[in-house]
Structure formats: C-alpha cells, structure tokens
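Heads up, the thing below is written out as structure tokens.
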Amino acid sequence: MPKEGITPRAQDYSQWYLDIVQQADLADYAEVVKGCIVFKPTGYALWEAIQRGLDDRIKATGHVNAYFPLLIPKSFLMKEAEHVEGFAPEVAEVTRAGGEDLAEPYVIRPTSETIIGYFYSKWVRSYRDLPLLINQWANVMRWEMRTRPFLRTTEFLWQEGHTVHATEEDAERETLLILHDVYADFVEKEMAIPVIRGLKSEKEKFPGALRSYCIEAMMQDGRALQAGTSHNLGQNFARAFDITYTDQHNTIQYAWTTSWGVSTRLIGALIMTHSDDEGLVIPPHLAPTQVVVVPIYRNDAERSTVMEAVQRMTAEWKGRLRFKVDDRDNLTPGFKFNEWELKGIPIRVEIGPKDIEKGSVAIARRDQPGREGKSFVPQEGLTNRLTALLEEIQQALYRRALTFRDARTADVTTYEELKQQVEHGFARCYWAGTTEDEKRIQEETRATIRCIPLDQPQQAGRCIYTGKETTQQVIFARAY
RNA sequence: CGGGGCGUGGCGCAGUCUGGUAGCGCACAGCGUUUGGGACGCUGGGGUCGUGGGUUCGAAUCCCUCCGCCCCGACCA
C-alpha cells in the first residue's frame, strides 16, 4: 500500500529520503537560513536518544564532558598546515561585533581541535596530568556547497572528543577504544546498523591527523555513509599548540592527541538503513516511543470500556516499555495506523470492543508493514510478549541490514569489475596504489576508498589498479 | 562554481502563451453523521500572486532589475 507523499525508493531514492524526513515530521528546512534545518520534536527526540546512548559509553570509557567557545580566533585555525587547508574554504567568519570591526576576526568553529589545543597547552604540565579525556556536545558550522537534511547541513550537532596522551601507543589505544567500544558498539547494538571498521586512506583522512579510523555503513542504494570517525592526531596539534609535558625523567615531551566525533548525520544513516516506502522505521532500542496504543470504539459507552481496559493494560508497562496512547478523538483508527507506521513506531497495539470480549489485542510490527505484520494475541502475558517482540524486531532489523550489505558487497579483481560493482554496492579488492591513483579512480567512477578494513585476509593478491602484489584490501564505494 | 527547475492562502498546484472581479485539491474552524487500514455532508475563515521599477484605462499575466529556494554535478561529517 503506497503511502501518500512518499516517493517509492525504486523510483527516486533521493526524493524518497527527503519525503521521509518531511512526512515523518523529523525536520523542516530552515528556509531563511541557507543550508540549515529545524530539528522538529520528533527528529530531535531521535538525536536525544543517540546522545544518551553515546554519552553513556563515552563516560563508561572514562571521559568527562566540558564545553568550549563557539568562536575561535581566526589565527588559531592557521597554526596547523593541513588543518587550514582542509577547513579554510568552509568556515564562516565573524568580522564585526558591538558596532565595530574586530581587530582579529573569529571563525565559527567547524571543529574544535585548535581552540581546545590552546587550552590543553595551559592545562597539561606533567605526565601525571595525562591522559586528559574530555568530550564536548556542541554545534559546529561548515559552509558546504550542497546540503541535505541530516546528512550534510551548514550547522550540525555532534559530539567531539579531544584527548591528550603521553605516548603514541596510548593515543592509538584511545583512538581504537572509541572506534570499537563507543561508536561501533552503539551504532550496531542500538541503531541496528552494521558497520565496517577501518582505516582511512591518506586521501580521505582528517586534515592534520596521523591516522583516521572510521565506521562505514551501507545505505539502501548501495552507497557508503561514514557514520563515525576517530583520529590519532599524532603530535601534529601538540606541536602547533605547544602541548607539552614533563615526563618521569624531567624531560619536556610533546604530547600525543586524539579527536573523534559523530554527528546528527547518524539520523540520516538511520533513515537510509531501515526505512521503507511506508515511512520511517526506528529500531526499538533507540525508539523514543516503542509501543503505540490505538483504542477503537464506536460510541461513548464503548469508549469508556475500551479506555478502561487500556488503563489496566498500560499500568503494567510503566518503567518497562516506552509507550504512548493515541486517544485523539477526531481521527479514525485507520488514519492513526498509517500515521504511526509513517513515523516508525516499532509496535502498534490495537484494542477494540471485539478484543474486550475475547480478552485479546491486535499487535502490528513495523518491520513488517501493512496487514502482514498484524496478529491477534491474548491480553494475558502481553507485557512479556511485547518486550520479547521488541528485541526480536531489533535483531531482525540488524540482520536484514547485514544481509543486504553482504549481498551488495563483492570481491573484485579487475578494474572493470570495480566500475560495475560501485554502481550498486561495495567493491572489496587488493590495493597498492597511490593517492594519485585513487583520485584518478574517483574521477572515472565517482567511488573512493571508504576504508581499509581492520579485518584483513592473511594472504596476498594483486592490486586492482597497479597489479602489484599486496596483502592489503580496501573497500571502494560511492559515498554520501 | 557549472547545469536544470521553481517562486500564486499553511502545503501541493492551475491560471501567464492570448492583460479584464484570484481559483482548485489537501489542511484548518464550526455543526452533524461516522470510527477494526488514510471517513462523509453542509457552512466558514484565510492570499502584499518573491522584490523594485516600467508599459497600460486596467498587470499574477507583457518588458526590465534584483532577490530567494530546490534538484543534479565538483567539495564535504
């Protein structure tokens, strides 16, 4: 049953995405502010759920939250060569305030390595001060040429972690800890999005980083979406901002720093991984509302009987399920079914006069839209049934996404095959080429190396481009 | 920055070619009947036709200026 206002994925995937954002009421174009969106309550609730899950993990791994200024002296950005080059074109500047031109313009942060580096240089004195493990939840601004709701907006929300360590090994351990125990763990377990953990190529790494790690997800059109990054910054920023410490032997050393972030882009990943032509699909772990109850009645007498039963039923749910009772009187049940399907609530419970008689309810699971996912079950033991079903849906969504990704991932051994494969999915191949080679491939195929997976085969093969023997495999794909 | 499209009630559009009282669908408000997969009837409210100028007795419509937004591509979380 095609939904009104949603372009089918097969017809126009990009338009489908924009339709979901609008129809599920997640966001509005800011209109008067180019490239920005308004996060509407439904969309913002998703971000809050993401924040909660990440914040718990960030703290569980020993980090604390702090907050740094939105404005950064322009000169700060210039201190790290690659960093300037990477971000200068897309920063917005504040040149005038208080009715006067400023002596030095500020930039609105595109990321905070520089200003945080400045303060870290003041805060770090001794090896006893390390590691310094701080995270900040913030908004940042990047003047991108082309924007899309959640995936790329001029202003976006994110968390950025910035840490300082005494040794390279410590920094590397931190970078990987975040990648595995915070990002991949959260995205896979809570958002039900399978990811490939890997290292970025030289061409794709963060400006100023020694090494960038990432998690990459596949969207339903076969394109890749970077869902999180964790950078080992080496000593580059420590040198630029003079972050030094005195070690056990009373010698002054440059520190090693890391930074890592995920953004509201994850909402885009969520939409493009699970949703369908009927609307949004939210995995139960993340869903702000997991169960919606639609009462059905024809008159006041039935209404009071049904609502009474709803009261009794939901009393048991408090503290166990996140639920909502849709008691709006001016809408028909059919309308509500469609609306909650569109908004991606994992389970819908319907209860009407017939159910009261039989001691049953109807339950419908969102991952099986329409009447197919609907069944009648006894009211007896409903709470446990729902709890179990939520878990089942969570797993089913993950499995479905994983099966899809595997089906659209192929090992390729010739350049021709690679060209074909990136049309609709991930191409995995041996690689021993240069950054120049990668650029040429991007020009010819619009695909880039998404990552060098951490899981590598233990045998050698021939580089798809140069023919050289190598043990390194990479994933090529078109990216968002 | 290159290519394309569009600005008309809240949303989606028609009307522009060929100037003559601003219209349709949805949404909204009131009343009544409805209610197990997007209900129906009646009544009603709401528009500087993106901006500025010009032509004309008369401009949404013709001419000129400017502005904005969306989509596709290069760039990017």
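So you know, we letter chains A, B, ... as the sequences are listed, proteins then strands, and number each from 1. All values derive from a computational prediction rather than experimental measurement.
Distance from the side chain of Ser263(A) is smallest to rA77(B) among rA77(B), rG38(B), rG36(B). Residue Phe156(A) places its side chain closer to rA77(B) than to any other of rC71(B), rA39(B), rA77(B). In this structure, of rA77(B), rG36(B), rG37(B), it is rG37(B) that holds the atom nearest to the side chain of Arg348(A). Closest contact between the side chain of Ile296(A) and the listed nucleotides rG37(B), rA77(B), rU35(B) involves rU35(B). Of all nucleotides listed (rG37(B), rA77(B), rG36(B)), rA77(B) comes nearest to the side chain of Arg265(A). Which of rG36(B), rA39(B), rG37(B) sits closest to the side chain of Phe335(A) comes down to rA39(B). Among rA39(B), rA77(B), rG37(B), the nucleotide with an atom closest to any side-chain atom of Lys3(A) is rG37(B).
Spacing of C1' atoms, rA39(B) relative to rU34(B), comes out at 6 Å, to the nearest Å. For the C1' atoms, the distance from rG53(B) to rU65(B) is 7 Å, rounded to whole Å. One P atom belongs to rU51(B), the other to rG5(B), and the distance between them is 23 Å to the nearest Å. Comparing the C1' positions of rC11(B) and rC63(B) gives a spacing of 32 Å, expressed to the nearest Å.
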>> For a side-chain contact (heavy atoms from CB on, under 4.5 Å) check, start with the C-alpha distance between Glu216(A) and Arg405(A), then their side-chain angles and the critical distance, and finish with the verdict.
In response: CA-CA 11 Å; Glu216(A) 294 282 329; Arg405(A) 187 189 78 189; over 6 Å; no
>> One pair to check against side-chain contact (heavy atoms from CB on, under 4.5 Å): Phe119(A) and Phe241(A). What are the steps and the verdict?
In response: CA-CA 9 Å; Phe119(A) 287 101; Phe241(A) 286 90; over 6 Å; no
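Contacts of Ala227(A) with the nucleic acid, taken as non-hydrogen atoms under 4.0 Å apart, are absent. As judged by a 4.0 angstrom heavy-atom cut-off over every strand, Ser14(A) is placed among residues touching the sugar-phosphate backbone only. Backbone-only engagement by Gln226(A) is indicated by non-hydrogen atom pairs under 4.0 Å involving sugar-phosphate atoms exclusively. If you check every strand for non-hydrogen atoms under 4.0 Å, Ser212(A) touches nothing. Residue-level contact check: Lys336(A) touches neither bases nor backbone, having no heavy atom under 4.0 Å from any strand. Using a 4.0 Å heavy-atom cutoff across all strands shown, Asn299(A) reaches no nucleic acid atom at all. Within the 4.0 angstrom heavy-atom criterion, no nucleotide atom of any strand lies near Arg328(A). No contact: Leu225(A) has no heavy atom under 4.0 Å from any strand. At a threshold of 4.0 angstrom between heavy atoms, the contacts of Gln442(A) are confined to the sugar-phosphate backbone, with no base atom among them.
Where Arg446(A) and Thr147(A) each meet RNA chain B at their nearest nucleotide, the meeting point lying more 5' is that of Thr147(A). Of the two residues contacting RNA chain B, namely Gly5(A) and Phe206(A), the nearest-nucleotide position lying further toward the 5' end is that of Gly5(A).
Residue Asp300(A) qualifies as open at atom CG: its count of foreign heavy atoms under 6.0 Å is 12 or below.
Separating the NZ atom of Lys354(A) from the C1' atom of rG36(B) is a distance of 5 Å, rounded to the nearest angstrom. The CD1 atom of Ile6(A) sits 16 Å away from the C1' atom of rG12(B) (whole-angstrom rounding). Look at CD on Glu372(A): it is 14 Å from P on rG37(B), rounded to the nearest Å. Rounded to whole angstrom, the span from the CZ atom of Arg223(A) across to the P atom of rA77(B) amounts to 14 Å. Atom pair Asp12(A):CG and rC71(B):C1' shows a separation of 9 Å (rounding to whole Å applied).
Of the residues Tyr465(A), Phe426(A), Trp431(A), the one that meets the ring-ring contact (aromatic ring centres under 6.0 Å, His included) test with Phe476(A) is Trp431(A).
One N or O donor and one acceptor, one from the side chain of Lys374(A) and one from the base of rG37(B), sit under 3.5 Å apart. Interface remark: the Arg298(A) side chain does not form any donor-acceptor pair with the rG36(B) base, using a distance-only criterion of under 3.5 Å. Scanning atom types as modelled, no donor and acceptor separated by under 3.5 angstrom connect the side chain of Glu339(A) and the base of rG38(B).
Look at rC66(B): its Watson-Crick or wobble partner, with both distances under 3.5 angstrom, is rG50(B). If you check rU33(B) for Watson-Crick or wobble pairing at under 3.5 angstrom, you find it paired to rA39(B). Shown here, rG19(B) forms no base pair; nothing in the strands shown gives a Watson-Crick or G-U wobble contact with both key distances under 3.5 Å. Within the shown strands, rC26(B) is the pairing partner of rG10(B) under the Watson-Crick or G-U definition, both distances less than 3.5 Å. Under the Watson-Crick or G-U wobble criterion, with both distances below 3.5 Å, rG73(B) is paired with rC1(B). Taking a pair to require two hydrogen-bonding distances under 3.5 Å in either a Watson-Crick or a G-U wobble arrangement, rA60(B) remains unpaired.
Residues Ser14(A) and Arg148(A) bring a donor and an acceptor atom of their side chains to less than 3.5 Å of each other. No side-chain donor from either of Glu113(A) and Tyr120(A) sits under 3.5 Å from a side-chain acceptor of the other.
Residues Asp56(A) and Arg52(A) are not paired through a salt bridge, judged by the lack of any N-O separation under 4.0 Å between the basic side chain and the carboxylate. At a threshold of 4.0 Å, the pair Glu350(A)-Lys336(A) does not count as salt-bridged, since none of the basic side-chain nitrogens sits closer than that to a carboxylate oxygen.
Contact between the side-chain N/O atoms of Thr229(A) and the OP1/OP2 oxygens of rA77(B) is not found at any separation under 4.0 Å.
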